[in-house]
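To keep things clear, I will list the structure first and then write my remarks on it.
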Amino acid sequence: MDLPSFYARLIVAIGDGTGMADSLLHVHAGMAILIVTRVVTRRSLATPLPLAVVAAFEAANEIMDRLHYGSWRWADTLGDVANTMFWPTILFIGLRISRARTSPTR
């Protein structure tokens with residue numbers, strides 16, 4: 001079985017089935033992975049682990065795209081990474097700042 005082609009067909013089917021644009025699917029996937037990781041690991045969103053898991057999944061997604069298409073499609077890849085990582089990163093930064101402000105000084 002050609003895993004990259006199967007994965008590409010699955011992604012297209014998800015987009016067709018939901019009617020959502022690829023960019024919006026990346027936003028939702030990033031947030032879903034972030035929240036599921038938070039629940040499963042019980043780690044705060046202010047810790048790097050949930051954000052790192054989102055980054056790992058996005059990297060795997062882009063590698064599968066690269067294997068399927070035979071080359072990097074940089075405009076698509078960079079847009080996908082930005083859409084997937086934007087809100088999880090903003091939450092991480094915001095929660096880190098909030099934690100730093102509310103933690104007692106040493």
Side-chain angles (χ1 to χ4, degrees):
M1 177 193 335
D2 181 16
L3 188 59
S5 292
F6 172 77
Y7 183 76
R9 286 193 309 274
L10 177 64
I11 297 303
V12 168
I14 290 170
D16 290 347
T18 62
M20 288 189 225
D22 181 65
S23 57
L24 185 56
L25 288 172
H26 276 273
V27 172
H28 287 303
M31 290 301 294
I33 293 166
L34 183 75
I35 298 304
V36 167
T37 302
R38 193 292 183 220
V39 169
V40 169
T41 65
R42 292 188 250 164
R43 302 287 296 268
S44 166
L45 295 178
T47 62
L49 182 64
L51 185 62
V53 171
V54 174
F57 270 87
E58 176 54 19
N61 175 67
E62 295 309 318
I63 289 168
M64 292 298 280
D65 281 355
R66 163 64 177 88
L67 293 172
H68 175 70
Y69 293 109
S71 65
W72 292 108
R73 300 178 316 152
W74 285 111
D76 181 62
T77 297
L78 295 175
D80 289 351
V81 170
N83 285 322
T84 303
M85 297 302 300
F86 181 77
W87 286 115
T89 303
I90 294 299
L91 281 171
F92 172 74
I93 292 168
L95 291 168
R96 293 293 286 207
I97 290 169
S98 176
R99 179 183 274 184
R101 286 184 181 167
T102 60
S103 67
T105 57
R106 296 177 189 199

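Here the structure is a predicted model, which means the values were calculated and not measured. Index from 1, following the sequence.
Between D80 and the options T77, L78, D76, a side-chain contact (heavy atoms from CB on, under 4.5 Å) holds for only D76.
Looking at M20 and I14, their side chains never come closer than 4.5 Å, going by heavy atoms from C-beta outward. Residues L45 and L34 meet the side-chain proximity criterion, which asks for heavy atoms closer than 4.5 Å. D2 has its side chain out of reach of R9: every pair of non-hydrogen atoms, C-beta onward, lies at least 4.5 Å apart. Side-chain contact between M31 and L91: present, with at least one pair of heavy atoms (C-beta onward) separated by less than 4.5 Å. R38 has its side chain out of reach of S44: every pair of non-hydrogen atoms, C-beta onward, lies at least 4.5 Å apart. The side-chain heavy atoms of P48 and R96, taken from C-beta on, include a pair separated by under 4.5 Å. No side-chain heavy atom of T18 sits under 4.5 Å from any side-chain heavy atom of L24.
Closest of all the heavy-atom pairs between S23 and N83 is CB-ND2, 3.3 Å. In terms of heavy-atom proximity, T89 sits nearest to M85 at OG1-O, 2.6 Å. For the residue pair G15 and L25, the shortest heavy atom distance occurs at CA-CD1, 3.6 Å. Residue E58 comes nearest to V81 through the heavy atom pair OE2-N, 3.5 Å, listed as atom of the first residue, atom of the second, then distance.
Grouping the Ile, Leu, Val, Met, Phe, Trp and Tyr side chains by contacts below 4.5 angstrom, directly or via other members, places I97 with L51. There is a path of hydrophobic side-chain contacts, each under 4.5 Å, that joins F86 to I93. A chain of hydrophobic side-chain contacts below 4.5 Å, direct or via other Ile, Leu, Val, Met, Phe, Trp or Tyr residues, connects I35 to L95. V54 and V40 fall into different hydrophobic clusters, defined by Ile, Leu, Val, Met, Phe, Trp and Tyr side-chain heavy atoms under 4.5 Å apart, directly or through other members. Hydrophobic clustering of Ile, Leu, Val, Met, Phe, Trp and Tyr side chains at less than 4.5 Å, counting indirect connections, keeps F57 apart from V36.
Note that CG of D65 and CG of N61 are 5.0 Å apart. Values are rounded to the nearest 0.5 Å. We find the CH2-NE2 distance between W87 and H28 to be 13.0 Å, quoted to the nearest 0.5 Å.
Within a 6.0 Å radius of CZ in R66, more than 12 heavy atoms belonging to other residues, nucleotides or ligands are found. More than 12 heavy atoms of other residues, nucleotides or ligands lie within 6.0 Å of OH in Y7, so this atom counts as buried by the packing criterion.
Without hydrogens or angle criteria, T37 side chain to I33 main chain gives a donor-acceptor distance under 3.5 Å.
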